[in-house]
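Because only heavy atoms are used, hydrogens play no part in the values below, and waters and symmetry mates are left out as well, while side chains stay in.
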Amino acid sequence: MIDLNTLISSSENILGKLQSRGEEIPLDNIKELDSKRKNLIQESDQLRSFRNSENKRIGDSKEKPSLEHINKMRDISDKLNKINVNLIDIESQLNELLLVIPNVPLDEVLIGNDETDNKVIFTKEDVKNKKTTKPHWEIAPNLGILDMEQGVKLAGSRWYVLKGKGAILQRSLVSWMLEKHNKNGYLEIAPPFLVKEEVMVGSGNLPKFSDLLYRDIEEDLWLIPTSEVALNSLHFGEIIPHEFPLKYVSHSQCFRREKAAAGRETRGIKRVHQFEKVELFRFELPENSRDAFDEMVKEVQLLCDELGLIYRSVELCTGDLGFQSAKTIDIEVWAQGSQDWLEVSSISTCTDFQSRRTKTRYKDEGEIIYPHTLNGSALAIPRILISILENNLQDDGSVLVPKVLQKYTGFERID
RNA sequence: GGACGGAUGGCUGAGUGGUUUAAGGCGGCGGUCUUGAAAACCGUUGUGCGUUAUGCGUACCGGGGGUUCGAAUCCCUCUCCGUCCGCCA
C-alpha cells in the first residue's frame, strides 16, 4: 500500500511512475476524501475533548448533574456518533481506493507497455541449434509418470496426477531445493495453505484479484496462490526486532483459478490449477534490499545451473510488473520439446508496499520503519519437470535424471 | 461438536460505572554512586490519528455492536486461548 501522505505530497513524481505501468489514479477524489477525513477528525476530537473534561467535572463533583446538563451532554454524544459514522464511511472509501493502487516501480525499471517491452538480460546457452525432441505431454504419459485423464476425472480440466517416478522426481526436487536454501540461511517454514482475507490483502492479492483465487466460503478462508502470501504475514502487526535480514523458505501447494488465462497454453502441465513451489522470502532493511534482490536472482540462477537447464533472465518493464512489485526479474528455462521458454521463477522486490499492508515494522532509534519484502520462486516444480523431461529425453524414450537429484530419487533414469 | 473458565501495556498482574487519559512488580532505557561491575536509589517507558508541533488534543484494556452524561468495568455477539468430554489422521 502506498502511503497516503507520500502520495499527496509528491503526487507528480509518483503519478508519473504509476502511469508508466498503465495505472490512472483518482487523485482528486483521494485528496477530497482525505480533507473531509481530516475535518471530521478535528471536529470529533474537539467534541471528545470537551466531553471528557465535562464528564470529569461531573465525576469529581458530589452533586448530581442537572437534567439540562445531561441533555446537553447527550446531544454532544449524538453528534459525535453521527460524525463517527460519517468518518468510518469516508475512511473505508479512501481505503478502497488506496488498496487497489499498485506499487511504485523503482527508477531503474524499464518503461514499457506490456511483455513485448521486457528485456532479456542474460541467456545461459544458445538454443537455436538444439534438435527438437518431444513435448512433455507425450513423453510423460508414455513413461507412465503423468496422467492427465485421471486429473480430469478427479477435479476437471487443468488438474493432473503424477505417478511413480514422476511423483518421486517432484518430491526429490523439493527436498533438494529446500536443503540448498537451508544451507543459504533461509529458515524453513511449513505454513497453512488456507489463509484469512486480511492475509491476502496484506500480500496484495486482495481486494483486486479475487477472481484468480480459490476460496472456502464456509470458513471465509482463501487458498494461497503462492506461499509468498503466507510468509509475508508471518509478522502481521508486529514491531519486529532490528535483526535483518529475515530469510524464509517454504514449500507449498499453490492454487490458482487461472480464469483469466482460460484457453492459453492448455496442453500438459504448463499452466495448472494446483502446483508445488518452493518460495524464498525476505524481510530486509530498505538500504539493503536492492543488493538482496540481486543476491536472490543469483541464488535462483544457480539452481538452474545445477540442474543443467538452459535458462535466461528477463527484466520486466513497468507495464508488465505484478501489482505488488517495484522491480521483477523472471527466470525462464528452455523446454526443448515444446520449443518454449517457461517462467520458473519471478524474483521481486516489493519495497515497503506489503509491509505497510501487514503493518510489519521495526524500530530504529525510536523511529518506526517499514522493512522491505522480497520474494522469489526457487523454483516452480511443474515447469522444471517439463524442462527436465523434454531436454533430457534419450533416443530410447527414457529420461535422464539430473545428477544433483539422483541421491534423492534413488534412480538415474526414468524408463 | 458439548460444558466450564479465560483474553488488560514487552512480560507479569490489580482493577465490577466517575482522580484509572490503567496501580504494583519484572524487563528495557537514562542517571546517581563506583577504578569497573553488581546492588541500592532516582527518573523514564507502547501504537495510531489530528494539529496552530521541543508542545497540545484524541483513540486504543482480543474484534464488532449496545446501554449510559460517562464503560477496562454492565449487556449482546464474534474470534482466539485453556481445561474436561465426544470425534478423528
Side-chain angles (χ1 to χ4, degrees), chain A residues 1-9 30-99 171 190-202 206-207 215-222 230 233-244 246 252-253 283 352-371:
Chain A
M1 172 132 73
I2 201 161
D3 176 53
L4 176 59
N5 291 324
T6 311
L7 175 64
I8 287 175
S9 64
I30 289 171
K31 280 183 174 168
E32 193 190 326
L33 287 168
D34 184 48
S35 94
K36 275 188 191 165
R37 168 178 162 271
K38 284 179 175 169
N39 287 337
L40 288 172
I41 286 172
Q42 282 172 41
E43 203 179 337
S44 77
D45 276 4
Q46 275 167 23
L47 283 173
R48 279 208 180 91
S49 183
F50 179 73
R51 185 175 73 177
N52 286 345
S53 59
E54 282 300 296
N55 280 331
K56 186 158 187 169
R57 282 208 306 150
I58 294 173
D60 287 344
S61 128
K62 298 286 173 235
E63 296 162 30
K64 284 222 162 187
S66 70
L67 191 61
E68 191 186 358
H69 196 183
I70 285 180
N71 282 336
K72 187 184 164 199
M73 295 304 288
R74 186 181 288 150
D75 286 347
I76 287 175
S77 285
D78 287 347
K79 202 171 172 192
L80 261 173
N81 279 338
K82 278 179 194 139
I83 291 173
N84 204 33
V85 167
N86 205 350
L87 181 61
I88 286 169
D89 178 50
I90 297 277
E91 284 187 329
S92 79
Q93 284 183 48
L94 197 52
N95 211 28
E96 253 174 57
L97 293 176
L98 290 175
L99 280 174
R171 168 160 54 84
F193 296 170
L194 280 77
V195 297
K196 296 177 185 174
E197 181 172 309
E198 64 185 17
V199 171
M200 280 295 179
V201 172
L206 287 177
R215 180 184 191 182
D216 174 10
I217 290 176
E218 289 274 304
E219 303 290 341
D220 201 19
L221 290 172
W222 299 76
S233 279
L234 283 179
H235 302 290
F236 199 105
E238 292 179 25
I239 293 178
I240 50 182
H242 194 308
E243 293 157 7
F244 293 94
L246 293 175
S252 80
Q253 302 287 347
F283 294 91
D352 61 358
F353 186 82
Q354 291 178 321
S355 56
R356 280 182 193 285
R357 291 166 88 102
T358 58
K359 299 169 194 72
T360 303
R361 292 153 294 173
Y362 68 96
K363 223 173 175 178
D364 189 12
E365 290 176 10
E367 197 187 351
I368 300 285
I369 303 175
Y370 293 93

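Heavy atoms of A/Arg57 sit nowhere under 4.0 angstrom from any nucleic acid atom. Note on A/Lys196: nothing from the nucleic acid sits closer than 4.0 angstrom, heavy atoms only. Residue A/Ser77 is in sugar-phosphate contact alone, with no base atom involved, counting any heavy-atom pair closer than 4.0 Å across all strands shown. At the heavy-atom level, A/Ile76 lies nowhere under 4.0 Å from the strands shown.
Taking the ring centroids of A/Tyr362 and A/Tyr370, they lie at or beyond the 6.0 Å cut-off.
One P atom belongs to B/U73, the other to B/U16, and the distance between them is 12 Å to the nearest Å. Spacing of C1' atoms, B/U12 relative to B/A22, comes out at 15 Å, to the nearest Å. Taking atom C1' in both B/U8 and B/C61, the straight-line distance is 4 Å, to the nearest Å. Across B/G31 and B/A39, the matching C1' atoms stand 16 Å from one another, rounded to whole Å. The same atom, P, is picked in B/G46 and in B/C29; the two are 14 Å apart, to the nearest Å. Across B/A23 and B/G15, the matching P atoms stand 14 Å from one another, rounded to whole Å. With both ends at atom C1', the span from B/U45 to B/G25 equals 15 Å, rounded to whole Å. Annotation: B/A72 and B/G65 have their P atoms spaced 14 Å apart (nearest Å).
Base pairing of B/G46: its partner is B/C60, meeting the Watson-Crick or G-U wobble criterion (both donor-acceptor distances under 3.5 Å). Look at B/A37: it lacks any Watson-Crick or wobble partner with both distances under 3.5 angstrom. With a 3.5 Å ceiling on both atom-pair distances, B/U52 lacks any Watson-Crick or G-U wobble partner. The partner of B/U20, taking Watson-Crick or G-U wobble pairs whose two distances both stay under 3.5 Å, does not exist in any strand shown.
Here A/Gln42 reaches the OP1 or OP2 of B/U51: one of its side-chain N or O atoms lies under 4.0 Å away. For the pair A/Arg361 and B/G48, the criterion of a side-chain N or O lying under 4.0 Å from OP1 or OP2 is met. Remark: A/Arg48 is not in phosphate contact with B/U21, judged by side-chain N or O atoms under 4.0 Å from OP1 or OP2. Contact annotation: A/Ser49 does not reach the phosphate of B/G57 (side-chain N/O to OP1 or OP2, under 4.0 Å). In this model, the phosphate group of B/G70 is not approached by any side-chain N or O of A/Asn52 to a distance below 4.0 Å at OP1 or OP2. Taking only side-chain nitrogens and oxygens, A/Arg74 comes nearer than 4.0 Å to OP1 or OP2 of B/C69.
Look at CG on A/Asp34: it is 11 Å from C1' on B/C49, rounded to the nearest Å. Between the CG atom of A/Asn81 and the C1' atom of B/G65 there is a distance of 12 Å, given to the nearest Å. For the pair A/Ile90 CD1 and B/G50 P, the computed distance is 15 Å after rounding to whole Å. The interatomic distance linking A/His242 (NE2) with B/C29 (C1') rounds to 17 Å, in whole Å. Between A/Lys363 atom NZ and B/G10 atom P there is a gap of 9 Å when expressed in whole angstrom units. Atoms CG (A/Asn84) and P (B/G50) sit 15 Å apart, rounded to a whole Å. Taking atom CD1 of A/Ile70 as the reference point, atom C1' of B/G18 lies 13 Å away to the nearest angstrom. Atom-to-atom, CG of A/Asp75 to P of B/G70 comes out at 11 Å; the value is rounded to the nearest Å.
Residues A/Gly366 and A/Ser44 both approach RNA chain B. Their nearest nucleotides, taken by heavy-atom distance, put A/Gly366 toward the 5′ side. Toward the 5′ end of RNA chain B lies the nearest nucleotide of A/Ile239, the other residue of the pair A/Ile239 and A/Asn5 mapping further downstream.
Classification of A/Arg57 and A/Glu54 as a salt-bridged pair holds, one side-chain N sitting under 4.0 Å from a carboxylate O. Look at A/Arg37 and A/Asp34 and you find a salt bridge, because one of the NZ, NE, NH1 or NH2 atoms lies within 4.0 Å of a carboxylate O, short of that distance. A/Glu367 and A/Lys363 are not joined by a salt bridge, as no carboxylate oxygen comes within less than 4.0 angstrom of a charged side-chain nitrogen. Between A/Glu238 and A/Arg361, none of the side-chain N atoms (NZ, or NE/NH1/NH2) sits under 4.0 Å from a carboxylate O, so this pair counts as no salt bridge. Ion pairing between a basic and an acidic side chain is recognised when a charged N comes within 4.0 Å of a carboxylate O; A/Lys79 and A/Asp75 show no such pairing.
Rounding to the nearest 0.5 Å gives a distance of 6.5 Å between CE of A/Met1 and NZ of A/Lys359.
Interface remark: the A/Asp45 side chain does form a donor-acceptor pair with the B/G57 base, using a distance-only criterion of under 3.5 Å.
Checked against B/U51, B/U58, B/G18, the side chain of A/Asn55 finds its nearest nucleotide in B/G18. Looking at the side chain of A/Ile368, the nearest of the listed nucleotides B/U47, B/U51, B/C69 is B/U47.
Counting heavy atoms from C-beta outward, A/Asn95 and A/Gln93 have side chains that stay 4.5 Å or more apart.
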